[in-house]
*Asks:* 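Got a structure for you, questions after.
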Amino acid sequence: MRIYFWGLLVIAFGFSWSITAVEHNPRTERISGSAGDVLEDDPVGKLKVYVYELPSKYNKKILQKDPRCLSHMFAAEIYMHRFLLSSPVRTLNPQEADWFYTPIYATCDLTPTGLPLPFKSPRMLRSAIQLISSSWPYWNRTEGADHFFVVPHDFGACFHYQEEKAIERGILPLLRRATLVQTFGQQNHVCLKEGSITIPPYAPPQKIQARHIPPETPRSIFVYFRGLFYDVNNDPEGGYYARGARAAVWENFKNNPLFDISTDHPTTYYEDMQRAIFCLCPLGWAPWSPRLVEAVVFGCIPVIIADDIVLPFADAIPWEEIGVFVAEEDVPKLDTILTSIPPEVILRKQRLLANPYMKRAMLFPQPALPGDAFHQILNGLARKLPHSKSVYLKPGEKILNWTAGPVGDLKPW
């Protein structure tokens, strides 16, 4: 009966109640408790970062060869570099630095169709680490424990786009004491080391800002999704890709009038998300995707279908309060789960999503803005200070094995 009620509500009223029913309530709601304080925190004055000056072959020349890297979902590594160069947390005196940053564009190696190839990344990183360890004394003091690297690939510093191969590789041995800033996050996974900072994938902020529609526009779509359900080239049966969750969405709801789902990617994609109540954010090859960013920015309640996912800035963004979590095995019950959520719960999630700090934390704008993803990364680094005395090695002490890893990774870059 509840499903039938929701269907009538969506069809007959365009779900306009989501605006009119709360005309006496605030349109936005501040996050309560410590999460709200963390989200709005200012890291300036709480840490100092030294940026290594590397030869341009590690960054600028790579980008010059393929400017597409500026707009793909892994572009955070480029924009973090640019941000730090002019950030007030940057110090030119490495003796006073709390953290050291090595600017390497390890994911800027794209196929003709725009997919990143991670296979050169381990050699590139090894080369850069060999350079900084032989040119400056700071790496050798801690073997990287006070260094951070941005590694936004599918499975972070495991450097492979297929999970089983990524697990087999493991995190690049030379990075196992460093702090990794990465989009990949999954609990109890070999590609997520303790202490990593999980960040959102890059979504072009200017493009997003240009596509906003009036906030009073009714949300007339109940459930929205655009994307692949099957990866016909790599997994035609659909059982391995997305662990079968996307295939289950399609098979169960392709004819359900409450579900606006398709493989098409219309020019009105961003506008459609702003007209939807729920936006599906299922895993693909990795647990995360840019849909998570788009849903939050456009005020569409994210329906997160990715077991054990570790979400971006989880100490600042109350994901349980703004999203809906559905276990992969429960995908066939999606309609029942979503239509059973009381309207007042939906309205509160929408008010929280309308908080501008929430939206800003998911984006990497140029120029940077207070509270944006750049600042959330710095907040995460600042909260790790001061470094424990145990991170500093004794004279002659070595922990990392420079010859560990696949033989191909040891070749010169």
Side-chain angles (χ1 to χ4, degrees), residues 49 59 69 72-81 83-84 99-109 115-122 124-126 128-129 144-163 165-167 169-203 281 283-293 304 306 308-317 319 361-364 372-384 405:
V49 177
N59 39 63
C69 297
H72 72 50
M73 68 180 77
F74 305 125
E77 63 183 1
I78 299 171
Y79 291 108
M80 191 68 191
H81 181 201
F83 164 73
L84 284 172
W99 288 100
F100 295 82
Y101 168 65
T102 309
I104 307 170
Y105 300 169
T107 64
C108 187
D109 183 13
L115 299 176
L117 295 172
F119 308 119
K120 297 178 184 177
S121 302
M124 185 190 305
L125 280 153
R126 281 182 58 87
I129 292 170
D146 54 356
H147 289 55
F148 70 94
F149 293 80
V150 181
V151 284
H153 204 273
D154 283 338
F155 290 95
C158 287
F159 296 118
H160 206 287
Y161 59 86
Q162 291 182 340
E163 184 172 18
K165 299 288 182 62
I167 291 173
R169 288 186 53 85
I171 292 172
L172 185 69
L174 292 186
L175 294 180
R176 290 180 182 172
R177 284 175 60 80
T179 289
L180 303 181
V181 177
Q182 59 186 70
T183 45
F184 173 75
Q186 184 172 321
Q187 297 174 24
N188 305 314
H189 199 287
V190 298
C191 298
L192 180 69
K193 68 187 291 287
E194 184 179 357
S196 297
I197 297 174
T198 309
I199 65 173
Y202 179 79
C281 300
L283 73 162
W285 285 113
W288 58 270
S289 82
R291 289 177 191 83
L292 199 62
V293 176
I304 299 162
D308 300 323
I309 189 172
V310 175
L311 290 158
F313 309 135
D315 54 352
I317 296 177
W319 290 102
M362 298 296 284
L363 295 173
F364 295 89
D372 62 16
F374 299 116
H375 290 84
Q376 300 305 327
I377 293 171
L378 293 182
N379 280 333
L381 292 169
R383 286 192 287 275
K384 294 177 178 293

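Computed from a predicted model, the values in this text were never measured in an experiment. Below, all heavy atoms of this structure are taken into account, side chains as well, without hydrogens, waters or symmetry copies.
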*Asks:* For the pair W285 (side chain) and D154 (backbone), establish whether a donor and an acceptor sit closer than 3.5 Å, ignoring hydrogens and angles.
*Replies:*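 It does not hold such a pair.
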
*Asks:* So do the side chains of W99 and T179 get within less than 4.5 Å of each other, counting heavy atoms only?
*Replies:*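 Yes. Closest side-chain heavy atoms under 4.5 Å.
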
*Asks:* One pair to check against side-chain contact (heavy atoms from CB on, under 4.5 Å): D308 and N188. What are the steps and the verdict?
*Replies:* CA-CA 8 Å; D308 300 323; N188 305 314; 5.8 Å; no

*Asks:* Here's a test for you: under side-chain contact (heavy atoms from CB on, under 4.5 Å), which of T198, L292, I317 qualifies with L311?
*Replies:*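 Result for side-chain contact (heavy atoms from CB on, under 4.5 Å) with L311: L292.
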
*Asks:* Begin from the C-alpha positions of L180 and I171 and carry the test side-chain contact (heavy atoms from CB on, under 4.5 Å) through to its verdict.
*Replies:* CA-CA 10 Å; L180 303 181; I171 292 172; 4.1 Å; yes

*Asks:* Using only atom types and a distance under 3.5 Å, with no angle test, would you say the side chain of R291 pairs donor to acceptor with the backbone of C281?
*Replies:*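 It does not hold such a pair.
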
*Asks:* Measure centre to centre between the rings of H153 and F184, then say whether the value is under 6.0 Å.
*Replies:*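 When the ring centroids of H153 and F184 are compared, they turn out to be at least 6.0 Å apart.
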
*Asks:* Looking at residues at least two apart in the chain, or sitting in another chain, which of them share a side chain to side chain contact (heavy atoms under 4.5 Å, CB included) with A178?
*Replies:*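 Here the qualifying residues are F149.
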
*Asks:* Please round to the nearest 0.5 Å and tell me the distance separating atom CG of L115 and atom CE of M73.
*Replies:*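 Those atoms lie 8.0 Å apart.
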
*Asks:* Is the shortest side-chain heavy-atom distance between I129 and L175 below 4.5 Å?
*Replies:*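 Yes; the side chains approach each other to less than 4.5 Å.
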
*Asks:* On a heavy-atom basis, which atom in P116 and which in P118 lie closest, and how many Å separate them?
*Replies:*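 For P116 and P118, the tightest heavy-atom pair comes out as O-CD, 3.7 Å.
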
*Asks:* A128 and I104: which non-hydrogen atoms are nearest, and at how many Å?
*Replies:*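 Looks like CB-CD1, 3.4 Å.
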
*Asks:* Quick one: list whatever passes side chain to side chain donor-acceptor pair (under 3.5 Å) with E77, sequence neighbours left out.
*Replies:*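 So E77 forms a side chain to side chain donor-acceptor pair (under 3.5 Å) with T107.
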
*Asks:* Is the distance between the ring centroids of Y101 and F148 under 6.0 Å?
*Replies:*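 Centroid distance Y101-F148: below 6.0 Å, so yes.
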
*Asks:* To the nearest 0.5 angstrom, please state how far the CD atom of Q376 sits from the CE atom of M362.
*Replies:*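 With rounding to 0.5 Å, CD (Q376) is 10.5 Å from CE (M362).
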
*Asks:* How many angstroms lie between NE2 in H81 and OG1 in T102, if you round to the nearest 0.5 Å?
*Replies:*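 Atom-to-atom, H81:NE2 and T102:OG1 are 10.0 Å apart.
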
*Asks:* Which atom pair, heavy atoms only, marks the closest approach of C191 to A166?
*Replies:*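 Closest heavy-atom pair between C191 and A166: SG-O, 3.8 Å.
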
*Asks:* Should F313 and I199 count as side-chain neighbours, where that means a heavy-atom distance under 4.5 Å?
*Replies:*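 Heavy-atom side-chain distance check passes, below 4.5 Å.
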
*Asks:* Run the side-chain contact (heavy atoms from CB on, under 4.5 Å) check on W288 and Q182 step by step: do they pass?
*Replies:* CA-CA 11 Å; W288 58 270; Q182 59 186 70; over 6 Å; no

*Asks:* Provide the closest heavy-atom pair for P200 versus A361 in the form atom of the first, atom of the second, distance.
*Replies:*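 Heavy-atom minimum between the residues: CG-O, 4.2 Å.
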
*Asks:* Which heavy atom of F155 sits nearest a heavy atom of E163, and at what distance?
*Replies:*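 That closest heavy-atom pairing would be CZ-CB, 3.4 Å.
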
*Asks:* Can you find a pair of side-chain heavy atoms, one from V181 and one from V150, that are under 4.5 Å apart?
*Replies:*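 Yes, close enough: below the 4.5 Å cut-off.
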
*Asks:* Are I309 and L283 close enough, and set up right, to give a side-chain contact (heavy atoms from CB on, under 4.5 Å), and what steps lead you there?
*Replies:* CA-CA 9 Å; I309 189 172; L283 73 162; over 6 Å; no

*Asks:* Verify the ring-centre separation between F119 and F159: is it less than 6.0 angstrom?
*Replies:*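 Ring centroids of F159 and F119 are no less than 6.0 Å from each other.
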
*Asks:* Side chains of H189 and V310: closer than 4.5 Å at any heavy-atom pair?
*Replies:*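 No, too far: nothing below the 4.5 Å cut-off.
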
*Asks:* Considering only heavy atoms from C-beta outward, does the side chain of D146 approach that of K384 to under 4.5 Å?
*Replies:*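 They are not in side-chain contact.
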
*Asks:* Report the distance from atom CG of D372 to atom CG of L363, rounding to the nearest 0.5 Å.
*Replies:*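 If we round to the nearest 0.5 Å, D372:CG and L363:CG are 8.5 Å apart.
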
*Asks:* Considering residues, nucleotides and ligands other than K193, do more than 12 of their heavy atoms fall under 6.0 Å from its NZ?
*Replies:*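 Enclosed: over 12 neighbouring heavy atoms sit under 6.0 Å from NZ of K193.
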
*Asks:* Using side-chain heavy atoms (C-beta onward) and a distance below 4.5 Å, is R169 in contact with P122?
*Replies:*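 Yes, at least one pair of side-chain atoms sits under 4.5 Å.
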
*Asks:* Relative to each other, are the rings of F374 and F364 parallel, tilted or perpendicular (30° and 60° limits)?
*Replies:*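 Plane angle over 60°, so perpendicular.
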
*Asks:* How close do V293 and P201 get, counting heavy atoms only, and between which atoms?
*Replies:*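 Of all heavy-atom pairs spanning V293 and P201, the closest is CG2-O, 3.6 Å.
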
*Asks:* Could you tell me if the ring centre of H375 sits under 6.0 Å from that of F83?
*Replies:*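 That pair passes the under 6.0 Å test.
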
